[in-house]
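See structure below.
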Amino acid sequence: MTSDHDPLLTGLAAMAVPAPGRLLDKVTARWTRVPGPAGDVYVATTDLGVAYVRSAGSAEEFAGLFRARFGRPLLPAARPPAGLLTALRTGRVRLDLRGLTPFAASVLAAAATIPRGETRPYGWIARQAGRPRAVRAAASALAANPVPLLIPCHRIVQADGVAGGYVFGTPSKEALLRLEGANLDEVRDLAAAGTRYLASDTTGVVCFPSCHNARRITPAHRHGFASLAAAGQAGFRPCLHCLPA
DNA sequence: CGCATGGCCCTTA
DNA sequence: TTAAGGGCCATGC
């Protein structure tokens with residue numbers, strides 16, 4: 001039945017031996033269920049940090065999603081990692097983002113720079129990731145964000161101000177943005193009227209309408225533009241905070 | 001405006 | 001290796 005000299009069988013036998021505890025923690029992820037800003041979420045954590053966040057109907061379903069993506073099993077956690085609950089609202093916790101493609105990594109890195117209460121278009125993300133024309137691909141990378149809420153992919157919206165898709169559903173995306181104080185409706189109304197940028201004639205700076213600098217512009221000094229080119233033509237330079245260009 | 005269409009490009013099956 | 005499709009976008013009625 002078994003052969004001591006068959007390398008395949010001895011290899012398989014070695015794999016069956018339980019790994020030392022420390023190693024097991026490095027290899028396996030552990031799940032926990034915690035309340036998020038828009039309902040409960042399941043969270044998978046390794047010793048490197050949070051690796052996966054999704055909503056699911058059950059722990060089994062979550063483990064299934066996890067295995068489908070990472071090809072590894074998922075064990076229950078004794079308790080949620082320290083700081084996780086606040087991190088789901090503030091986005092500050094260690095992440096385990098191994099396994100991302102370079103493109104996905106740069107897309108998520110760009111998303112992580114968007115402050116609370118602000119939004120950016122998908123095209124902006126693509127440009128920040130170094131692939132200005134890969135807009136749809138960037139959207140796909142965001143759709144596959146392993147750690148929503150922690151990396152705020154909900155802050156990327158369509159160029160016309162419509163929320164767009166979200167792993168937890170568009171209504172959750174809108175609710176989250178309102179919770180963060182984003183001016184979702186104003187951005188959409190401006191875009192509908194053809195205004196995608198706002199500039200201040202006191203600072204000479206042009207911004208995305210959700211930029212905290214744009215929101216402080218006194219109405220009397222505010223100028224709307226349909227394109228960055230038009231704003232540049234009028235003598236405005238791109239804001240260093242929201243980086244419209 | 002609202003809708004349809006073609007272009008774009010990274011992933012996955 | 002290839003082909004299809006997706007959290008988009010600008011354009012054209």
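So that the names make sense, note that chain A is the first sequence line, chain B the second, and so on, each numbered from 1. Keep in mind that the numbers below use all heavy atoms, side chains included, and drop hydrogens, waters and symmetry copies. Everything numeric in this text was worked out from a predicted model, so none of it was measured.
Taking only side-chain atoms of Phe103(A), from C-beta outward, the nucleotide of dT11(B), dC9(C), dC1(B) with the closest atom is dT11(B).
Within 4.0 Å (heavy atoms only), Gly123(A) reaches sugar-phosphate atoms of the nucleic acid but no base atom. Among the heavy atoms of the strands, none lies under 4.0 Å from Thr170(A). Heavy atoms of Arg69(A) sit nowhere under 4.0 angstrom from any nucleic acid atom.
Spacing between atom CD1 of Ile125(A) and atom C1' of dG6(C) amounts to 16 Å, rounded to whole angstrom units. Taking atom CG on Leu108(A) and atom P on dC10(B), their separation rounds to 15 Å, with Å as the unit. Atom OH in Tyr122(A) sits about 16 Å away from atom C1' in dC10(B), given to the nearest Å. Between the CG atom of Leu177(A) and the P atom of dG7(C) there is a distance of 17 Å, given to the nearest Å. At whole-Å resolution of the value, CZ in Arg196(A) and C1' in dC8(C) are 11 Å apart.
The main-chain N or O of Ile151(A) is found under 3.5 Å from a side-chain atom of Asn145(A) such that the two form a donor-acceptor pair. A distance-only check finds a donor-acceptor pair linking the side chain of Ser200(A) to the backbone of Thr202(A) [under 3.5 Å]. Using a distance-only test at 3.5 Å, with no hydrogens or angles considered, no donor-acceptor pair links the side chain of Thr32(A) to the main chain of Val43(A). Between the side chain of Lys173(A) and the backbone N or O of Gly165(A), at least one donor-acceptor pair lies under 3.5 Å.
When side chains are defined from C-beta on, Thr218(A) counts as touching His221(A), because their heavy atoms get closer than 4.5 Å.
Within residues 126-158 of chain A, the residues approached by DNA chain B to less than 4.0 Å at the level of any non-hydrogen atom are Arg131(A), Arg133(A), Ala134(A), Arg136(A), Ala137(A), in residue-number order.
Using cut-offs of 30° and 60° on the angle between ring planes, the pair Tyr42(A) and Phe62(A) is parallel.
With respect to Arg155(A) and Glu180(A), a salt bridge is recorded, a charged nitrogen being found less than 4.0 Å from a carboxylate O. A salt bridge does not link Arg222(A) to Asp201(A): none of the charged side-chain nitrogens sits closer than 4.0 Å to a carboxylate oxygen. Between Arg120(A) and Glu118(A), at least one side-chain nitrogen of the basic residue sits less than 4.0 Å from a carboxylate oxygen of the acidic one, meeting the salt-bridge criterion.
Base-pairing analysis of DNA chain C finds the following stems of at least three consecutive Watson-Crick or G-U pairs, with both pairing distances under 3.5 Å: B:2-7 with C:8-13, B:9-13 with C:2-6.
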